[in-house]
There are 2 protein chains.
Amino acid sequence: MDQLSLTFHALADPTRRAILARLAQGEVTVNELAEPFELRLPTVSKHLKVLQRASLVSQTRRAQWRPCRLEPAPLKEAAEWVWDYRAFWDESFDRLDEFLIR
Amino acid sequence: MDQLSLTFHALADPTRRAILARLAQGEVTVNELAEPFELRLPTVSKHLKVLQRASLVSQTRRAQWRPCRLEPAPLKEAAEWVWDYRAFWDESFDRLDEFLIR
DNA sequence: TAGCTAATTAGCTGATTAGGAGAATAAAAA
DNA sequence: TTTTTATTCTCCTAATCAGCTAATTAGCTA
């Protein structure tokens with residue numbers, strides 16, 4: 001699977017998007033991550049696997065904790081892909097376009 | 001399923017992204033759309049169904065043809081979602097941020 | 001060492017998906 | 001009316017996914 005497909009697939013789930021939103025505030029352990037969801041830990045762990053497969057999340061090791069961190073590179077790639085279509089929704093996209101070229 | 005999940009799911013396939021890229025150049029019939037792929041027509045038709053379910057593509061009726069058209073609204077929503085994370089990949093995002101607020 | 005906590009793995013179920021083949025529908029053309 | 005063209009529908013298989021429970025690994029602590 002190519003990177004873009006991995007990324008979009010990972011983003012196509014509300015739980016995984018919520019996980020990313022949580023990680024945007026800083027590093028979190030898997031238990032802390034699972035807490036707000038009505039999901040068992042293995043389920044959250046699997047969602048994390050999907051996010052890691054897409055390189056959207058990385059995990060370090062600290063004692064028995066494995067804190068997760070947001071990795072922005074694939075999001076940037078996805079954003080760039082979507083940006084290519086902005087002409088279709090933004091009539092006055094020229095100013096934005098001009099900006100982005102710089 | 002929520003709109004964002006539908007959108008990202010639809011984008012998580014190279015064939016479907018290629019279909020969108022083709023539609024960005026203008027309206028196309030299903031046959032023309034299928035031509036560059038090594039896929040049977042019903043398969044392409046199914047991919048179109050996924051794109052339509054996400055409201056990324058609409059179909060009109062002209063004689064026995066059903067030309068497809070790109071619908072940008074869900075792409076805009078997806079772009080806005082991803083943009084919220086730009087701070088993580090763009091160190092100098094302040095100028096962009098300033099721009100987008102306007 | 002034993003016991004505790006954090007997290008993952010294995011294995012299950014039910015639902016969905018991507019691909020195919022072939023039949024069916026709908027409109028145009030002969 | 002028959003034929004051709006465009007597209008979809010129905011059914012099939014193999015693979016994947018989201019959720020669960022139970023068991024396992026890894027590291028800390030007493």
Side-chain angles (χ1 to χ4, degrees), chain A residues 1-23 26-71 74, chain B residues 1-23 26-71 74:
Chain A
M1 256 236 257
D2 62 291
Q3 179 60 53
L4 263 181
S5 299
L6 286 171
T7 305
F8 284 132
H9 169 72
L11 297 181
D13 183 286
T15 302
R16 289 195 288 265
R17 290 197 303 277
I19 287 176
L20 289 181
R22 179 76 186 73
L23 290 178
E27 277 194 13
V28 190
T29 67
V30 179
N31 255 305
E32 291 169 329
L33 214 46
E35 202 261 314
F37 302 106
E38 286 177 356
L39 294 173
R40 302 292 162 188
L41 215 58
T43 305
V44 175
S45 189
K46 272 191 192 174
H47 280 303
L48 272 175
K49 267 270 157 58
V50 175
L51 290 166
Q52 285 177 58
R53 195 160 64 106
S55 310
L56 281 159
V57 163
S58 66
Q59 241 172 340
T60 47
R61 190 117 200 188
R62 190 143 60 234
Q64 71 267 51
W65 293 275
R66 300 183 212 185
C68 305
R69 197 155 38 102
L70 183 65
E71 294 292 339
Chain B
M1 256 234 257
D2 62 291
Q3 179 59 53
L4 263 182
S5 300
L6 285 171
T7 305
F8 284 132
H9 169 71
L11 298 181
D13 183 286
T15 303
R16 288 195 289 263
R17 290 198 304 278
I19 287 175
L20 290 181
R22 180 73 187 76
L23 290 178
E27 277 194 11
V28 191
T29 67
V30 179
N31 253 309
E32 291 168 329
L33 215 45
E35 201 260 313
F37 302 107
E38 286 178 355
L39 295 173
R40 302 290 162 192
L41 220 56
T43 304
V44 175
S45 189
K46 273 189 193 176
H47 280 303
L48 271 175
K49 266 267 158 58
V50 175
L51 290 166
Q52 286 178 58
R53 194 159 65 105
S55 311
L56 281 160
V57 163
S58 67
Q59 240 171 341
T60 48
R61 189 118 201 188
R62 190 145 59 236
Q64 72 269 49
W65 294 275
R66 301 185 210 182
C68 305
R69 195 156 38 104
L70 183 66
E71 293 292 339

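In this text the structure is predicted, and so the values were computed from the model without any measurement.
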Subject >> Trace of the side chain to side chain contact (heavy atoms under 4.5 Å, CB included) decision for Val44(A) with Thr15(A) >> reply: CA-CA 8 Å; Val44(A) 175; Thr15(A) 302; 5.8 Å; no
Original post:
Base, sugar-phosphate, or nothing for Glu32(A), non-hydrogen atoms under 4.0 angstrom?
Top reply: nothing
**OP:** Taking only the side-chain heavy atoms of Pro42(B) (C-beta and beyond), determine which of dG22(C), dA7(C), dT7(D) contains the nearest atom.
**Re:** dG22(C)
Subject >> Listed nucleotide nearest any side-chain atom of Gln64(A), set dA18(C), dA7(C), dA6(C) >> reply: dA6(C)
Original post:
Taking atom CD of Gln3(B) as the centre, does the number of heavy atoms from other residues, nucleotides or ligands within less than 6.0 Å exceed 12?
Top reply: yes
Subject >> Nearest-nucleotide pick for Leu39(B), side chain only, options being dG19(C), dA21(C), dA18(D) >> reply: dG19(C)
**OP:** Establish, with yes or no, whether the OP1 or OP2 oxygen of dT16(C) is under 4.0 angstrom from a side-chain nitrogen or oxygen of His9(B).
**Re:** no
**OP:** Round to a whole Å and report the spacing from CZ of Arg62(B) to C1' of dA6(D).
**Re:** 14 Å
**OP:** Would you indicate which nucleotide in dG19(C), dA27(C), dA6(C) comes nearest to any side-chain atom of Ala63(B)?
**Re:** dA27(C)
**OP:** Could you tell me whether the phosphate oxygens of dC9(D), OP1 or OP2, come under 4.0 Å of any side-chain nitrogen or oxygen in Lys49(B)?
**Re:** yes
Subject >> Criterion side chain to side chain contact (heavy atoms under 4.5 Å, CB included) on Ser5(B) and Arg17(A), from CA distance to verdict >> reply: CA-CA 9 Å; Ser5(B) 300; Arg17(A) 290 197 303 277; 3.1 Å; yes
Subject >> Candidate nucleotides dT8(C), dG11(C), dC28(D), ranked by approach to the side chain of Ser45(A) - the nearest >> reply: dT8(C)
**OP:** Rounded off to whole Å, could you give me the CZ-to-P distance for the Arg61(B) and dT7(D) pair?
**Re:** 10 Å
Original post:
Under 4.0 Å between a side-chain N or O of Arg66(A) and OP1 or OP2 of dG27(D)?
Top reply: no
**OP:** Would you indicate, yes or no, if dG20(C) has its OP1 or OP2 atom less than 4.0 angstrom from a side-chain nitrogen or oxygen of Thr43(B)?
**Re:** yes
Subject >> Side chains of Arg62(A) and Pro67(A) in contact at under 4.5 Å (non-hydrogen atoms) >> reply: yes
**OP:** Quickly work out the Glu35(B) CD to dT5(D) P distance and round it to whole Å.
**Re:** 16 Å
Original post:
Hey, is the side chain of Asn31(A) poking within less than 4.0 Å of OP1 or OP2 on dA7(C), counting only N and O atoms?
Top reply: yes
Original post:
From dC17(D), dG19(D), dA7(C), pick the nucleotide closest to the side chain of His47(A)?
Top reply: dG19(D)
Original post:
Rounded to the nearest Å, what distance is computed from the CG atom of residue Leu48(B) to the P atom of nucleotide dT17(C)?
Top reply: 16 Å
**OP:** Look at Arg40(A) and dT21(D) and indicate whether a side-chain polar atom (N or O) is within less than 4.0 Å of OP1 or OP2.
**Re:** yes
Original post:
Tell me: NZ of Lys46(B) to P of dC12(D), nearest whole Å?
Top reply: 13 Å
Original post:
Of Pro67(A) and Met1(B), whose nearest nucleotide on DNA chain C comes first from the 5' end?
Top reply: Pro67(A)
Original post:
Taking all atoms of both residues into account, what is the closest heavy-atom pair of Pro74(A) and Ser55(A), and its distance?
Top reply: CG-O, 3.3 Å
Original post:
Which whole-number value in Å describes the distance from Phe8(A) CZ to dC17(D) C1'?
Top reply: 20 Å
